[in-house]
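Below is one structure, written out as structure tokens; comments come after it.
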Amino acid sequence: MNKTELVSAIAEKTGVSKKDAEAVIKGFVEVVSDELQAGGKVQLIGFGTFETGKRAARTGRNPQTGEEIKIKAAVTPKFKAGSALKEKVNTKAKKKAKKK
């Protein structure tokens with residue numbers, strides 16, 4: 001599902017216009033991004049948690065040349081699914097497996 005399809009699905013599900021649904025999605029992305037940039041986290045009970053993690057500096061290899069390269073330390077965004085989301089996804093997967 002891409003952004004356009006997501007906007008359409010949310011507009012249909014909630015009864016708001018596509019323009020309003022797109023504004024809400026854009027706002028959500030901006031708020032979550034800003035919070036992660038500030039070092040915080042966003043927790044949606046039952047859905048999941050957006051937070052950051054630290055990746056240490058390390059040595060890697062260029063796959064084409066085999067040459068060692070230094071990879072800088074970085075802060076990366078992470079998403080951890082909540083129990084209700086995991087349960088819903090697994091229930092759907094189990095139903096598909098039974099049909100086969």
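Side chains included, hydrogens not; waters and symmetry mates left out as well; all remaining heavy atoms used. Small disclaimer: the values here were computed from a predicted structure and weren't measured.
- Considering OG1 of Thr59 and CD1 of Ile69, their distance stands at 9.0 Å, rounded to 0.5 Å.
- Counting heavy atoms from C-beta on, the side chains of Lys26 and Glu30 come closer than 4.5 Å.
- A continuous path of hydrophobic side-chain contacts links Val32 to Phe79 [ILVMFWY only; heavy atoms under 4.5 Å].
- Note: the hydrophobic cluster containing Met1 also contains Ile10 (ILVMFWY, side chain heavy atoms under 4.5 Å, direct or indirect links).
- Going from atom CD of Glu51 over to atom OG1 of Thr76 covers 10.0 Å, rounded to the nearest 0.5 Å.
- The two residues Ala84 and Gly46 come nearest to each other via the heavy atoms CB-O, 3.2 Å.
- The shortest side-chain heavy-atom distance between Lys3 and Glu22 falls under the 4.5 Å cut-off.
- Atom NZ of Lys41 and atom CG of Leu36 lie 11.5 Å apart (nearest 0.5 Å).
- Between the OG atom of Ser83 and the CZ atom of Phe47 there is a distance of 12.5 Å, given to the nearest 0.5 Å.
- Between the CD atom in Glu12 and the NZ atom in Lys18 there is a gap of 9.0 Å [rounded to 0.5 Å].
- Cluster annotation: Val42 and Leu85 are assigned to the same hydrophobic cluster (Ile/Leu/Val/Met/Phe/Trp/Tyr, side-chain heavy-atom contacts under 4.5 Å, transitive).
- Contact annotation: the side chain of Leu6 approaches that of Ile25 to within less than 4.5 Å [non-hydrogen atoms, C-beta and beyond].
- Remark: Gln37 CD to Thr52 OG1 distance equals 11.0 Å, nearest 0.5 Å.
- Residues Val89 and Leu44 share a single hydrophobic cluster, defined by chaining ILVMFWY side chains whose heavy atoms lie under 4.5 Å apart.
- Asn2 places a side-chain heavy atom less than 4.5 Å from the side chain of Glu5.
- Phe28 and Val16 fall into different hydrophobic clusters, defined by Ile, Leu, Val, Met, Phe, Trp and Tyr side-chain heavy atoms under 4.5 Å apart, directly or through other members.
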